[in-house]
Structures are given as structure tokens and as C-alpha cells.
Amino acid sequence: MDDVPEASLSPTLPGVHKPAPSVRIRGLRAYYGDAERVKGIDLDLNANEVTAIIGPSGCGKSTMIRCINRMHEEIPGARSEGRVVLDDVNLYDPSVDVIAVRRTVGMVFQRPNPFPTMSIFDNVAAGPRLANRRRSDLQAAVRTALEGAGLWQEVADRLSEPATGLSGGQQQRLCIARSLAVDPEVILMDEPCSALDPTASLRIEQLIDELKRRVTIAIVTHNMQQAARVADRTAFMLDGELIEVGPTHHMFTSPSDPRTEDYVTGKFG
Amino acid sequence: MTTYSSGTPVAAVRLSSARRTAVDRAGDPILRGLTWLASAVAIVLFVALVYKVCDLAGESFSHYGLSFIGRETWNPNPSTKTYGFGAADFLFGTAVTSFFALLIAAPTSVAIALFLTELAPRRARRPVATLVELLAAIPSVVLGLWGLIVLAPIMSSTIEPALHAVLGWIPLFSGTPSSVGILTGVVILTIMTVPIVSAVMHELFGTVPGELKEAALALGATRWEMVRMVMLPYARSGMVGAVILGLGRALGEAIAVALVVGNADAIHTSLFEPGSTLASHIAAEYQGATTSLQISSLAYLAVILLALSVIANLIARLIARRAPLRLGAGVGGPE
Amino acid sequence: MSPPAPTATLAGRLMGDVRLRRRRALNRTMETVATLAAVAAVVVLAVVFVSVVIKGIGAINLDFLIHSEVPFGQSGGGIANAIVGTIVLVALASAMAIPVGILVGLHASEFARPRTAAAVRFALDLLNGVPTIVTGIFVFGLLVVGHTQSGYAGAFALAIVMLPIVARAAQEVLSLVPATVREGALALGATRWRAVVRVVLPTASSGLITGALLAVARAAGETAPLLFTSSILTTTGVSTNPGQTLVSIPLRIYQLAEGTSPSEHSEAWAAALLLILAVLAINVVARALYGRTRARMAAMQ
Ligand SMILES: Nc1ncnc2c1ncn2[C@@H]1O[C@H](COP(=O)(O)OP(=O)(O)O)[C@@H](O)[C@H]1O
Ligand SMILES: [Mg+2]
């Protein structure tokens, strides 16, 4: 009986198109203690699209996306207000379980952070294991997730080796596989390429392009070329506020706000 | 001549600065020499200690050899037939008290350290950590006094009967409850080791990278699952080191144990019975040593105790020194 | 086949299921266990402290403080000689251990090559791990055999207990002194020893005092090193002469605790109250000072 829902959560096969939810952020404010760092943001992440979030360092990009999977509230003294609506469910609704939120909205961090004590296999299996998945299912889930992250061919014959033996780019794709293994609907990426070399970054960008067929993606980046390459829409933040959001080509060619223009033309930041 | 010695202000300045450079020139090598000497003293002290204690044990060693370790008698009355000495009873008592104390102290310390790193409200963290550490500052004789007069009666009236009722079918908890005894020693040693072990673990858990903890939480782990997934594996070897460090302390505690353990040189399976440890037995005999063989045998006990604690310390250090896990090793390397 | 599970919808998925509730329950259990463990530790501290206060306070009075112990079998008597003995023993031990310990710390921070410093640290850790009863046996063999017990022997044994505490604290705190502070003095033309005296030691002073205070607190509460070195009284009354045996408060508590009469026990509690107050007070002061040093060092970096 309990196994039925789990079966329906097995990772979606790569390449298969799967409708993902849209995310509507409304009136989002985030605080560290008394300091308000995200000051009332309204932003939509369209379903099965990549939305890039750009802005100068310290403007609140990380804080904002960490509110989408409710990781912000893990920081002592931090809190947030507002709504984050997945299709029609407000993630901050009291009936919603924060742990279920994090399994639905996956996250990839700035520095690759595979679990150093675990093998490649165990890293990917860590999420599914929390839900007590059966052994045979686990093998399949790990393989599907690694395929989804474009890493399967490189690691298939060394799944039991420590994850720390992988290169930086591989580690980051392993982290993507780790979050794919719990079959998220949305993936948040916080500067996922900032610790990687250009070749490894390109590989991740290609992966993002494939992943959006099955998940909705938000990516924070300080690299405007990267935003231009991967994002369908781009949002520009400044000092905790959303200045402008629109189709990426529009943002980089004819932004409507002069501050956006200053930023994308490199006048500050 | 006289004018020179009475001195103009200028000459005085010149003189003092000349004297100053002389002092300065001598000062560096003197300071260097003194500090070197102090460091040498630290090393020599340890070597001398080992040598001297072994030397004192010489008579007993040449009398008994290594069989001393296995001998079960401790009879200091030279006019009796069974006059003779051996360490077996005390080794047994040391092993049992330390083992059970650490069996309780290790998980308790993990729990306290987890509370301090993960659960305590930020404002409560430092005060609670300080209070737990202050527990280690209570002089062992005071804890022993408390154990003897406050704890021991409770052990025999309440705790031991309760254990006996529930677990009496295990030989460890068979027998009649008594106030002083091995189990009371175990409780006191637990109280003494928990603050030490939990302080090391608290520090250890503080070194677990936040990024790993966040990765686990972002996968939808509960806090406890995060602890099991990330913190315990990351800190595992250090935790073993911390427990062994606590073991070293438990082995060597003399006074508090001597006051509550019952000071009987006998081996019993029941934890309610009185016993002795190496350290507590040495302490208990401080006034009674009469023959030189007895004194030498006490030193022999000290040698065994010293060896055990040095080994525990070495193991703890070896484990602790193992390179900490590196996060993101190979980041930025070629694909 | 089976009816559509509630988690098949996004809303259902976000609400969690039975298994998730079970995981949460386990989490809550473990959090409770951890909290209880911390509470238990604090409660034990409180219980021990309160027991000592309640049982000790009644027996403390002026007579107890100003009189010395009386020969076995007589009633009355006080603890004056043990108080004085403890002060003399700890002062002597401090005079040996504190300067040597700070010099060891300076050796590591100013002169020694890393390998040498590590070797000294290793020896100190070993010394710190020696059971104090064994330290007592060592000093007994070194200074008492062939002579008599004495305050000097007891103080020497206490100094051995103190040395690793002072020295390790000194090594740690001196290594925290920012290189810029030291180099600043050297750049002004100061010789190394002047830099040490004028700049390095003052910068680290409160940390050094912390280490010294913790060692003093530890020595003041130690019994085991004194059993074989300074325990058998040859004189009655207050004595400050370390050439003779000096009795100390911890040793007195040990002897009284082993006694059987209620009056002995109440004297033991009174002595324990004095000891625990002194030791905890020194510890609290030491910790407060240390917090300040760290803050200062952090500000300098
Ligand atoms: N843990 C924290 N505690 C307090 N302030 C923080 C914390 N993390 C970030 N901030 C502050 O919040 C603001 C936004 O930070 P962040 O979201 O990390 O910016 P970005 O990701 O755009 O560089 C910054 O001013 C930063 O100093
Ligand atoms: Mg950021």
C-alpha cells in the first residue's frame, strides 16, 4: 500500500517530456534577524522553462531562491513572508510539509558538495533511501538519475568508488543526479558553474537544456553569457528587489529599466 | 674621570643605550635558551616519569615477572601463607568500570554534542556548553564524596533493585544491591567522562561543513536523518578518538572511584558487588604499604596503568590526526 | 488495480504521507533524547553543587575556618591548616609550572621548528594523559623514597599536573598572536626578546592567564598526586613550611570521607563546599577571560 505512491515517484526517464509545474512567487520578503534582504518580490517561473536570475553580488539572489524550497528558514534567526505557489499549491501553506517541499523542489549549490563519506552510488541513492525504497528499485533509480545528469557513461563502472574522486564538473553533475533521484518538479541552481572550468560549465549548460523538458528550472548566475545561452527568461535583481523580468534576448538587447541596462552593459556590478 | 662618571645628560643617554644594546644582544640567545630548556624539561619529565615508575616496580617485576598481571591475590600480610601480590583483580575492575562507563558516556556525549550543535537555541548554546564543561571541573574528591554519601544509598535503595527487577536474569545484574560497588563506580566515571567526551565531540561536529548539512536537508532529510547521513559519518573517526580519550580518563581516575567502588580485591560477575581498579587500589593503600615488595607491587600496578593510559592516548591522537575529509577535492580539475 | 494514490497529485505529494509522518516522529524522538541528555548533564552538575552547598553550609563557621584538625578521636577541629597547606602547595606548584609552561609556549611560537614544536606538544599530551595517581608514585620514587614526605614533593607532583595545561594553553594562544603584531615590533628595530616582552606576551596575556588559572583550579582540587608525597602529618597546627608535610583540602576531604562518624562527614562536606566554590569561581573567571582574548585576537587579524 505504502509502495504505490513511491512507485509513481520513480525518476522520469531522460529525454521524455513531462509537464512540470509553474512557480508563482508573490510578495516574497526574506529576513536575517531584523535585516530585510528580499523586499517583496513577485516573479513567475514558467513551467518547463529556464529562468535566470542575475544581479550584483549581495543583492539577494541566493536568499530569494532558497525561499522557493524553504531552505532559508533553516538559518537560525532567518524568516520569510509571502507566497510561493506551485501550480495551485502554496508551499508556505500550513498543510504543506516542508520535507515534501524539498523533495519536490530540488537544489544544486554553488560548490559541488557530494557527501565525501559516500560512494558515487550512495550519493545518488541518499535521497531515495530516505523514503525506504526497495533495493531493486534503488538500482534503477540511481541509474536513471545518473543518466539524467549525463554522468552514467562516465561512472557506470566505478559506482562504488568515493564521490570525491570525481572531477569538479563530474561532482556537480553528481549533485544534479542526486537531486534528480527524488524526482523533483522544480530544480533551483545557485551559481552551479562558478567553481567549474569553461568546458565543465558548458557540459552543465547542455544538461540544463535537456532537463527543462521535465522540470522547471531557476538558475542564479553572475555570468551574463551563461544566462543568455541557457535561459528562456531572465530576471534582474538589485538590492533585494526585482527590477525587471522578461524574455532573455529582450533583457540583454532592449531592457526597459535603465538600471538593468547599466548592469548588462557592465556599467556596475 | 669624575666628570665622566657624574655624567652629562648626553653621556648618560649614550651609556644607557650602550648598555641596552649589550642587553639586547644577550637577550635573544638567553630567551631562546630558556624556552628550549623549558621544552626539554617537558620531554625529560615524561621520560623520567616512565623510567622512575618502572624502576620502583623493579623488585616486584623480578619477583613475579609478567605473571603478576594474571595473579589474583593481593595479600600484604607477610606472616601469612598466601602473602603475595598480583594485578588481575584490579585489571578486571578497571576494565569493567571503564567499559560500562564509556558504554553510557559515549552515546550520551554524542547526544549532548548534537544538542549543542543542532538543537539548542543560539543564546543557550554557550551557557549550556559551559555548564557541561564545568561538570569536568568538579574536583574528583568532591564527586567521590557525593557518590559515597548521596548517590550510593540511592543506588542500593532504588536504582539497583530496579535494574535487578528488570534485568536480573542477566548475571551482571544478579546478586544483592549494595550501596558502594562496581556500578556506583561506573556512574561516577560516567559523570566524569561525559563532559570531556562531549566537549571534543561538540568541537568535532562544529567542523562538519554547512554545505553538506544543507545538501542533506535540501534532499528532504529530517534533522536526524541529516545527522545520520552527513554528520556522524563525517565525524566518525574523531568520535572514536574522543571516546578513547574518555577511556584514558576513566582508567586513571583514582580518588573518586576509591571512595565508591568498595575496594575489594575480588572478581565478581555482578556489577552490584564491590571491586577495585588499578588506580583506586593504589590510592586505597597509600597509608598501608609496609613491605618493600608491597610498595614495589603498587608501582607495578602504576606501570600497568601508565601503559594503558599512554596507549589510549596514543590511539586517540593517531585517530584524531588522520587527515580531515576534504570537501570538493578536485574541484576545477580537468573533466 | 489499486486506487490512485493521493501522492499522485502535486498537492497530495506536498502534504506528505504516512511514511513521512513516521520519519518526523523518529526525528522528534531523537531530538528529545538529545535534549534530555543535555538537561541531564546540567541537572547532575546542579544536584552535585546543591548537595554540597546544603550539606556543607551548616558545618561552616568561624571555628571551622580558623582551627586546625585535631588528633584522631577528639571532636571539633577545623580546616585552617588544610587551607593554608593548599595555598602553599598550589603557590609553589604554580611558581614551578607557570613560568616553564609559558616558556614552552614561547618556544613553539617564536623559535622552534614545526617538527620540534610537534614533538613537544606530543610529550605534553602524553604527560597530560598520565593518571595523576601515577604522577604521585613517580614523585614518591623521586623525592620521597630515602627522604620523607614534604610540601616540596607534593608541590612538584602538582606542578607536573599543571605543566601540560599551562603549556598547551600557552602554545595555543601564542600561536594566535597575529604575525603582523610581531613583525610590526621587529620592523621598528626591536630585538626578538623585546618584541616578546613588550608585544607578544601582553597581546596574549589574558589567554595565558586563562591557562594558568585553569591549571591552578585543577591543582587545587587534586588529591591523588599528594597521597604518596604530602599526606602523612608530622606536626599539628597551621604550617607554611614546605620542608614538612603540608595537608591540603582535597586530601582532608578524602580522609574525612573514609571516616565513619557523621561529624567527620559534615566536616568533609564543609571542606568540599570551600573547595568547589573556589574551583568553580576560578573556572568561571578563566572562561570569561578566554572569551575576551579570542574576541581581541579576532579583531586584530
Ligand atoms: N546567513 C546570513 N546571515 C545574515 N545575512 C546574510 C546571510 N546570508 C546572506 N546575508 C545577507 O543577505 C544579503 C543577500 O545575500 P545573498 O542572497 O547571498 O546575495 P547574492 O546571492 O545575490 O550574492 C547580503 O547582504 C548578505 O550579506
Ligand atoms: Mg549567492
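Chain identifiers are assigned alphabetically (A, B, ...) following the order of the sequence lines, protein sequences preceding nucleic acid strands; residue numbering begins at 1 within each chain.
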### Query
So B/Tyr286 and C/Phe228, would you call those rings parallel, tilted or perpendicular, with 30° and 60° as cut-offs?
perpendicular
### Query
Looking at C/Ala41 and B/Ile112, what are the two nearest heavy atoms and their distance?
CB-CD1, 3.8 Å
## Note on the structure
Pair count under 4.5 Å, heavy atoms only, with chain C: among B/Val227, B/Leu119, B/Thr130, highest is B/Leu119
### Message
A side-chain contact here means heavy atoms from C-beta on lying under 4.5 Å apart; do C/Pro131 and B/Ser309 qualify?
### Response
yes
### Task
Please flag which part of C/Leu124 lies under 4.5 Å from any non-hydrogen atom of chain B: side chain, backbone, both or neither.
side chain
### Task
Quick one: closest heavy-atom pair of B/Phe115 and C/Ala34, and the distance?
CB-O, 3.7 Å
### Task
Applying side chain to side chain contact (heavy atoms under 4.5 Å, CB included), run through B/Leu31 and C/Val196 and close with a yes or a no.
CA-CA 9 Å; B/Leu31 182 66; C/Val196 165; 3.9 Å; yes
### Query
Of all of C/Val52, C/Val130, C/Thr29, C/Ile276, which one pairs up most often with chain B through heavy atoms under 4.5 Å apart?
C/Val130
### Task
For residues B/Leu145 and C/Ala257, report the shortest heavy-atom separation together with the two atoms involved.
CD1-CB, 3.6 Å
### Message
So, taking the atom named CG in B/Leu45 and the one named OG1 in C/Thr135, what distance separates them when rounded to the nearest 0.5 Å?
### Response
9.5 Å
### Message
Restricting to non-hydrogen atoms, name the atom on C/Ile133 and the atom on B/Ala254 that form the minimum distance, rounded to 0.1 Å.
### Response
CB-CB, 3.9 Å
### Query
For C/Arg24, what residues pass the salt bridge (charged side-chain N to carboxylate O under 4.0 Å, His left out) criterion, not counting sequence neighbours?
A/Asp97
### Query
Looking at B/Leu306, B/Leu49, B/Leu135, which has the largest count of heavy-atom pairs under 4.5 Å with chain C?
B/Leu49
### Message
With rounding to the nearest 0.5 angstrom, report the CG to CZ distance, C/Asn27 to B/Arg223.
### Response
8.0 Å
### Message
Nearest 0.5 angstrom please: B/Leu131 CG to C/Phe49 CZ, how far?
### Response
11.0 Å
#### Entry: Contacting moiety of C/Val100, where chain B heavy atoms sit under 4.5 Å
both
## Note on the structure
Greatest number of non-hydrogen atom pairs under 4.5 angstrom with chain B, of C/Leu106, C/Val48, C/Leu20, falls to C/Val48
#### Entry: Residue part contacting chain C, namely of B/Ala42, when any heavy atom lies under 4.5 Å
both
### Query
Within the side chain of B/Asp28, is there an N or O that forms a donor-acceptor pair under 3.5 Å with the backbone of C/Trp193?
yes
### Query
Quick one: of C/Ala123, C/Pro164, C/Ala37, who has the most non-hydrogen atom pairs under 4.5 Å with chain B?
C/Ala37
### Task
Heavy-atom distances under 4.5 Å only: say whether C/Leu163 touches chain B with side chain, backbone, both or neither.
side chain
### Message
At a 4.5 Å cut-off on heavy atoms, which part of B/Ile191 comes close to chain C: side chain, backbone, both, or neither?
### Response
side chain
### Summary
Interatomic distance, NZ@B/Lys52 vs CZ@C/Phe138, rounded to 0.5 Å, equals 8.5 Å
### Task
Under 4.5 Å heavy-atom distance to chain C, tell me which part of B/Leu148 shows up: side chain, backbone, both or neither.
side chain
### Query
Do you know the tightest heavy-atom contact between C/Tyr254 and B/Ala258?
OH-CB, 3.7 Å
#### Entry: Per-residue contact mode, C/Ala217 against chain B (heavy atom under 4.5 angstrom)
neither
#### Entry: Audit row: C/Glu110, B/Thr35, side chain to side chain contact (heavy atoms under 4.5 Å, CB included) steps and yes/no
CA-CA 9 Å; C/Glu110 308 296 314; B/Thr35 63; over 6 Å; no
### Query
Side chain, backbone, both or neither: which part of B/Ala221 has an atom under 4.5 Å from a heavy atom of chain C?
backbone
### Task
Taking the side chain as every heavy atom from C-beta outward, state whether B/Trp146 and C/Trp269 have any atom pair closer than 4.5 Å.
yes
#### Entry: Euclidean distance, C/Phe122 CZ relative to B/Ile43 CD1, rounded to 0.5 Å
10.5 Å
### Task
Flag the pair B/Val41 / C/Leu103 as yes when at least one side-chain heavy-atom distance between them is below 4.5 Å, and no otherwise.
no
### Query
Are there more than 12 heavy atoms of other residues, nucleotides or ligands under 6.0 Å from atom CD of B/Glu118?
yes
### Summary
Residue from B/Val132, B/Leu305, B/Leu308 scoring the most non-hydrogen pairs under 4.5 Å with chain C is B/Leu305
### Message
At a heavy-atom distance under 4.5 Å, which candidate from C/Val44, C/Val39, C/Leu275, C/Thr35 has the highest pair count against chain B?
### Response
C/Thr35
### Results of ring pair (Phe, Tyr, Trp, His ring centres under 6.0 Å) for B/Phe46 - residues two or more places apart only
none
### Closest non-hydrogen atom pair between B/Ser39 and C/Val120, with its separation
CB-CG2, 3.7 Å
### Euclidean distance, C/Arg23 CZ relative to B/Thr222 OG1, rounded to 0.5 Å
6.0 Å
### Query
By a 4.5 Å heavy-atom criterion (distance strictly below it), what part of C/Gln255 contacts chain B: side chain, backbone, both, or neither?
side chain
### Task
With a 4.5 angstrom heavy-atom cut-off, could you sort out which part of B/Ile30 is near chain C: side chain, backbone, both or neither?
neither
#### Entry: Side chain / backbone / both / neither for B/Leu251 at chain C, heavy atoms under 4.5 Å
neither
### Message
Taking every non-hydrogen pair under 4.5 Å, which of C/Val33, C/Asn283, C/Leu280, C/Asp125 racks up the most with chain B?
### Response
C/Asp125
### Residue B/Leu143 versus chain C: region with a heavy atom under 4.5 Å
side chain
### Query
So, are C/Arg287 and B/Glu133 salt-bridged, with charged N and O less than 4.0 Å apart?
yes
### Task
Tell me, out of C/Glu31, C/His265, C/His107, C/Glu222, who's got the most heavy-atom pairs with chain B below 4.5 Å.
C/His107
### Query
Given B/Ile138 and C/Leu45, is the side chain to side chain contact (heavy atoms under 4.5 Å, CB included) satisfied, shown in steps?
CA-CA 9 Å; B/Ile138 298 178; C/Leu45 175 71; 3.8 Å; yes
### Query
When heavy-atom pairs shorter than 4.5 Å are enumerated against chain C, which of B/Ala120, B/Gly252, B/Ala111, B/Pro195 gives the highest number?
B/Ala111
### chain C contact via B/Ile255 - side chain, backbone, both or neither, heavy atoms under 4.5 Å
both
